[in-house]
Amino acid sequence: MDEATQARLRTLAEEYVALVEAMHGGQYADMDEYARLSADRTLVHDELLQLTGMTRSDDMYRHCKALLAE
């Protein structure tokens, strides 16, 4: 994986973790905002799947947390 792709992967991982934690932590004003967070999370998740080769059955949140801990 080249340097630019690695940087993109890290940026997406940060965004993914932030979105999941906002959703789980109740950090949204109403159900419309929750739906927007969910849609954004799905888009980021799909791009992460493409970059990593993981599948939907893999734990993307855990993977992203581990990547960010490196």
Side-chain angles (χ1 to χ4, degrees):
M1 189 177 296
D2 65 35
E3 206 170 296
T5 303
Q6 287 177 339
R8 179 70 181 147
L9 179 61
R10 186 164 186 82
T11 298
L12 288 169
E14 290 169 348
E15 187 175 349
Y16 187 82
V17 167
L19 288 165
V20 169
E21 290 178 355
M23 291 172 69
H24 288 175
Q27 299 171 356
Y28 48 88
D30 54 29
M31 290 311 293
D32 288 338
E33 186 175 355
Y34 182 86
R36 183 192 55 76
L37 289 170
S38 180
D40 290 349
R41 185 207 57 83
T42 299
L43 291 173
V44 173
H45 190 259
D46 289 346
E47 190 169 349
L48 283 164
L49 289 175
Q50 290 176 353
L51 285 175
T52 62
M54 295 172 68
T55 67
R56 292 204 177 277
S57 63
D58 294 317
D59 188 338
M60 186 61 74
Y61 179 78
R62 182 178 293 166
H63 176 76
C64 288
K65 290 291 282 188
L67 180 102
L68 296 173
E70 292 178 355

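Counting from 1, the numbers follow the sequence of the chain as shown. All figures in this text were calculated on a predicted structure; none of them were measured in a lab.
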* Are Leu43 and Val20 connected in the hydrophobic side-chain network, where two residues link if heavy atoms are under 4.5 Å apart? -> no
* Asked: With Arg36, which residues qualify under side-chain contact (heavy atoms from CB on, under 4.5 Å), at least two apart?
  -> Glu33, Asp40
* Asked: Mind checking what makes side-chain contact (heavy atoms from CB on, under 4.5 Å) contact with Leu68, not counting sequence neighbours?
  -> Arg10, Ala13, Glu14, Val17
* To do: Keeping to residues at least two apart or across chains, list the ring pair (Phe, Tyr, Trp, His ring centres under 6.0 Å) pairs with something in residues 9-47.
  => Tyr16-His45, Tyr28-Tyr34
* **Summary of salt bridge (Lys or Arg N to Asp or Glu O under 4.0 Å) pairs that have at least one residue in residues 56-68, sequence neighbours excluded** => Glu21-Lys65, Asp46-Arg56, Asp59-Arg62
* Structure fact -> Sorted by chain and residue number, the side-chain contact (heavy atoms from CB on, under 4.5 Å) partners of Thr5 (sequence neighbours excluded) come out as Met1, Asp2, Leu51
* Asked: With Ala22, which residues qualify under side-chain contact (heavy atoms from CB on, under 4.5 Å), at least two apart?
  -> Gln27, Leu37
* **Set of residues satisfying side-chain hydrogen bond (donor to acceptor under 3.5 Å, both in side chains) with respect to Glu47, sequence neighbours excluded** => Arg8
